[in-house]
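The next block holds one structure in the form of structure tokens; read it before the comments.
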Amino acid sequence: MTQQADPARPSEMAKSYDPRATEDRVYRFWETRGYFKPRPNDARPPFCIIMPPPNVTGELHVGHALTDTVEDILIRWHRMLGDPTLWVPGVDHAGIATQNVVEKQLAKEGLTRHDLGREEFERRVWQWVDRYRPIIANQHRRLGASADWSSEVFTLDETPQRAVRTLFKKLHDDGLIYRGERMINWCPRCRTALSDLEVEHEDQPGNLWHIRYPIVDGHDAEGRPHVGEDSMVVATTRPETFVGDVAVAVNPADERYRDRIGRTVLLPVIQREIPIVGDEATEMEFGTGALKVTPGHDPVDFEIAQRVGLPIINVMNLDATLNTEAGPYAGMDRYEARQVILRDLEELGYLVKVEPHDMTIGVCSRCHTVVEPLMSWQWFVNQRALAQPAIDAVRDGRITFVPERFERIYLNWMENIRDWCVSRQLWWGHRIPVWYSADDDGDRIAVTYRDPAAGSNAAPITGTYNELRAQGITHEQILAHATWSGVEATPIVAIETPERSPSGGGHLLQENDVLDTWFSSGLWPLSTLGWPDDTPALRTWYPTSVMETGYDIIFLWVARMIMLGLYNVGQIPYSVVYLHGTVRNEHGQRMSKSLGTGIDPLEIVEQYGADALRYTLITSSGPGNDLRLSEQRVEAGRNFANKLWNAARFVISMIGEGTVRLPEALPPAGSPLEDRWILSRVEGLVRSVDEQMGKFELGEAARQVYEFVWGEFADWYIEIAKVRVRADVPSGPSPLPVLAYVLERCLRLLHPVMPFVTEEIWQALAAKIEDTEPEALIVAPYPRGESGYADAGAEREMALIIDVVRAVRNIRAEKKVEPARFIEAYVAADGARGVIEAGRAYVETLARVRPLHVVASVADAPRNQVAKAVLEGATAVVPLAGLFDLDAERGRLSKLIAEAEAEAGRIAAKLDNAGFRAKAPAKIIATEEERLAAARTRLDGLRATLDELA
RNA sequence: GGGCGAUUAGCUCAGCCGGCUAGAGCGUCUCGCUUACACCGAGAAGGUCGCAGGUUCGAGUCCUGCAUCGCCCACCA
């Protein structure tokens, strides 16, 4: 690659890192070079992540940025480890959510989807999709996501469509999907059934109304009931449903009501006679102990009705207005009806009491409308049969969760799983692959036909298919302008859209409903890789490696992928489920567009750079925990990128026009202490990062690199290197190879977290290094700790030099020595004289000491008007002359002595404890003994110093 | 009603198998434009790790109970 043609190589390094001048260019460099595509490597296991597909509903929010960050870190890490690595991006059609946003858009034009008709409406939604898909993909790119864009999938693409139909057919053939009339959650605003998981529960203050139902004491000649004084009082939170009551239930064990079981009551207003029944589900302590049974609108009541054998009355229309069963209340909205009914009951003397009662109500997770439980014909998937293998897979450890605790949550849900209502009365989504034959079942298909010429207010024509045809309405007109229900007809289930029914008829009506979005999502690890076809991709990448997503969709998504993966191909979809938390804003609020509490990730990228955002997201919290995104932290991330940039700028400018050769072998024993030290430290860092990454402790790994780069490499090694390259220092080996080597290691370690700045620097640095192996950092091997540079002795010795520098600096600051002024100092270090002597030049420069006297013992240093710092292995003595303040020095020493005494006392107490000596590991005891000795030495030194002051 | 998580410096959080003299960033204070970086450097102050018990030689870390906040699950109308 030539220098001019290389889009990733900056011509010169600016004074500070500018993400805006870098990120797009570097991303294009990676993408055009094809680095995001998997590279074959037989020696390594494949690594694959299927990206959770964001909804096409709009732009990405910070939660997606967290997903991208975590996944991209894992992907980049594995790519650098040499694994064949694939990250599959995708987008979700998000049935109900997308339909809602497009309907909202239509509403602004004064239109409903019914004004457009199904086909035209779908066209509108596709326009929306076409607009947002590229926006979303571009946002991923801005965040640095190294996904293989050539493999991007949309949930309504051809293959996922076929996957959905294939699964549906298989479930149907196995008897695991069925059509039935069940009690479901109905959203009156979205006008569709919902699964249990799409209902959110909210606590709300409400009332418990006590209503009196008179007991029937006889009938007249025509059989009309007659009531007396006696009555039953029921307690309810939903008085408006009394029109649908079919019984009053009491607990059979309830002495108060036992003898009333078998009698009947008369519903006020409605004048319907209903029985008093006994059922154990009735709580004696609650309310009056008598329960009005409304099986059409309450799941508990429904079960009672099933047990006792009661009819079911549906009193509600699909828009939550009362229907004709409600008599005088027909046509009223449910809440309006509540008020009117309460007023009537009160006027008629049937309302006995009202008491406040808090309750939990279900609301639609998409629009927050109160959900209505009602009986409805829907398609259901039997979950029990699918659940067992999915339970086993987690129990036996084939699938593990990070963090572990989510395993129990998953299992608990799986073990109590209930059937899944999968049909949705929407227009946007995977249409259920079921057809009805009008030729064979024309009398059993109920059709509602809206004549487009008649205007939208005209009443629809209803009847069976055959009846409508008899009225001259054509099959094509029905297809275009009608809805139908084939609950009594025979379903024809097929993968390919059938042309004819089994009996040969050509008039087919496909099921109106679409499938729950999560039905196709549950197939995602399979359908993205080509299933139901047996593709090379499927064989290579399935089962995938890690499923990384938010813990909030364990049931909605993760559980279903596991069930369906095992059901379809008998294999788990992935072996690790890594769950991240919810991103909140600085005030701990959930991100919400409607509340205006959302944060646009691209605005942060624009201002601080993608690397800063990524670093912040990954270090702000641990796996599974929520995090608050604060701008200050992003700023810190930005500063870190800049720090790295400038450290690199220094190294590169030092190399100048020439090039440098990296150290090839262990540093020889004679090489400078600081070289052996930093090489040992970087080796330790590499090992630790490797370990943390392996445990999915990505944030901890990033923090460790940060600490190293800033606190050790920049603060100490670079500062020392400056001294070394200056002319006034005795000549020795150049620090350049070590500088370049350590920087290069850091860039590799950090690349998964901060890909842009590291690649940009690396390209510049690589040009200065002889025999650079890979052509880009993104594909450079990730360090794993095999350099052999570990050197505990060097680390100990260097720690002493750092201690001495710090001690002198501390004294200088406390005594207010002018920063620029050089002062004389002594270091007494009997055993470590050589070490200090070797580091003399660094201590002198870094602590601004000149001259530095290295002596054997404190006795060889001045005693009067000096400040002393007693360190482990050395004592620093700083003569202060005019700056010396006896009282202040006494105070300073007394405080240090007190601290040292406390510490020595604590350790001594521990060591004196017989139990500790008997039971603690020898290594710990030895450490404690060393620490005690050190503390005592320090204490002695400090005491002696104080005594001398007297 | 059941379960889970959080509670550590003024703020936001680390502290992963118990050995800590409890860390970081931001903020605060005192200095300093020293030719990589003021998106910086040097130094400092600041915490009885929510409360109460317990296990242990040793507990921020494990156990029990409680409190506060948050979340999830759940058919008491």
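Order of the sequence lines fixes the chain letters, A, B, ..., with proteins taken first and strands second; residue numbering starts at 1 for each chain.
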Pairwise 5' ranking along RNA chain B for A/Arg405 and A/Asn913, keeping only the more 5' one: A/Arg405
Whole-Å gap separating C1' (B/rG43) and CD (A/Glu818): 16 Å
Partner of A/Leu342 under side-chain contact (heavy atoms from CB on, under 4.5 Å), chosen from A/Asn207, A/Val354, A/Leu351: A/Leu351
Pair A/Glu903 + A/Arg936, salt bridge at N-O below 4.0 Å: no
Closest approach of A/Thr294 to A/Thr241 (non-hydrogen atoms, all atoms of both residues): CG2-O, 3.4 Å
Separation of B/rC72 P from A/Leu579 CG (nearest whole Å): 15 Å
Touch class at under 4.0 angstrom, heavy-atom based, for A/Arg906 against every strand present: sugar-phosphate
From B/rU21, B/rA42, B/rA36, nucleotide with atom closest to A/Arg809 side chain: B/rA42
Nucleotide nearest A/Asn810 (side chain, heavy atoms from C-beta), chosen from B/rA74, B/rG43, B/rC37: B/rG43
Sidechain-backbone polar pair: A/Asn416 side chain, A/Asn412 backbone, donor-acceptor under 3.5 Å: yes
Rounded distance (Å) that lies between atom C1' of B/rG43 and atom NZ of A/Lys816: 9 Å
Side-chain donor-acceptor contacts of residues 699-707 of chain A below 3.5 Å, not counting sequence neighbours, with atom names and distances?
{"from": "A/Glu700", "atom 1": "OE1", "to": "A/Arg703", "atom 2": "NE", "distance (Å)": "3.2"}
{"from": "A/Glu700", "atom 1": "OE1", "to": "A/Arg703", "atom 2": "NH2", "distance (Å)": "3.2"}
{"from": "A/Glu700", "atom 1": "OE2", "to": "A/Gln704", "atom 2": "NE2", "distance (Å)": "3.4"}
{"from": "A/Arg703", "atom 1": "NH1", "to": "A/Thr619", "atom 2": "O", "distance (Å)": "2.8"}
{"from": "A/Gln704", "atom 1": "OE1", "to": "A/Ser688", "atom 2": "OG", "distance (Å)": "2.6"}
{"from": "A/Gln704", "atom 1": "NE2", "to": "A/Ser688", "atom 2": "OG", "distance (Å)": "3.3"}

Integer-rounded Å distance: B/rA38 P and A/Arg649 CZ: 8 Å
Nucleotide nearest A/Asp715 (side chain, heavy atoms from C-beta), chosen from B/rA42, B/rG27, B/rC40: B/rA42
Minimum-distance nucleotide to A/Tyr551 side chain [options: B/rU30, B/rC71, B/rA74]: B/rC71
Euclidean distance, atom NE2 of residue A/His297 to atom C1' of B/rC75 [Å, nearest integer]: 16 Å
Stepwise salt bridge (Lys or Arg N to Asp or Glu O under 4.0 Å) check, A/Arg906 with A/Glu928: CA-CA 10 Å; A/Arg906 207 170 26 241; A/Glu928 293 296 322; over 6 Å; no
Touch class at under 4.0 angstrom, heavy-atom based, for A/Pro819 against every strand present: sugar-phosphate
Distance flag, aromatic centroids of A/Phe696 and A/His580, threshold under 6.0 Å: no
A/Tyr706 OH to B/rC37 C1', straight-line distance once rounded to whole Å: 13 Å
Syn/anti state for B/rC17 [syn: chi within 90° of 0]: syn
5′-ward residue of the pair A/Ser16/A/Leu208 relative to RNA chain B: A/Ser16
Sugar-phosphate only, base, or nothing, as touched by A/Trp209 at under 4.0 Å among non-hydrogen atoms: nothing
Touch class at under 4.0 angstrom, heavy-atom based, for A/Gly206 against every strand present: nothing
Residue A/Ile718, side-chain heavy atoms: nucleotide from B/rA77, B/rA14, B/rA36 that is nearest: B/rA36
Listed nucleotide nearest any side-chain atom of A/Gln632, set B/rG27, B/rG32, B/rC4: B/rG27
Base B/rC16 to side chain A/Gln692, donor-acceptor N/O within 3.5 Å cut-off: yes
Atom pair distance, as rounded to whole Å: CD in A/Glu404 and C1' in B/rC17: 12 Å
Nucleotide B/rC37, atom C1' - distance to CZ of A/Arg638 in whole Å: 12 Å
Sugar-phosphate, base or nothing in reach of A/Tyr17, heavy atoms under 4.0 Å: nothing
Donor/acceptor link under 3.5 angstrom from A/Glu719 side chain onto base of B/rA36: yes
Pairing stems for RNA chain B [at least three consecutive pairs; Watson-Crick or G-U; under 3.5 angstrom]: B:1-7 with B:67-73, B:10-13 with B:23-26, B:28-32 with B:40-44, B:50-54 with B:62-66
Below 4.0 Å: OP1/OP2 of B/rC73 and any side-chain N or O of A/His201: no
CA sep, side-chain torsions, deciding dist, call: A/Asp245, A/Tyr213, side chain to side chain donor-acceptor pair (under 3.5 Å): CA-CA 11 Å; A/Asp245 286 3; A/Tyr213 289 173; 2.6 Å; yes
Sugar-phosphate, base or nothing in reach of A/Ala935, heavy atoms under 4.0 Å: nothing
Side chain of A/Phe286 (C-beta onward), nearest among B/rC39, B/rA77, B/rC4: B/rA77
Listed nucleotide nearest any side-chain atom of A/Ala813, set B/rA77, B/rG43, B/rG70: B/rG43
P gap between B/rG19 and B/rU61, integer Å: 11 Å
Residues, nucleotides or ligands: over 12 heavy atoms within 6.0 Å of A/Glu355 CD: yes
Parallel, tilted or perpendicular: rings of A/Phe640 and A/Tyr615 (30°, 60°): tilted
Nearest to side-chain heavy atoms of A/Arg584, which nucleotide of B/rG43, B/rC71, B/rC37: B/rC71
Candidate nucleotides B/rC26, B/rA14, B/rU21, ranked by approach to the side chain of A/Asn639 - the nearest: B/rC26
Side-chain donor/acceptor of A/Lys15 to base of B/rC37, under 3.5 Å: no
Any N/O donor-acceptor pair, A/Arg633 side-chain to B/rC26 base, under 3.5 Å: no
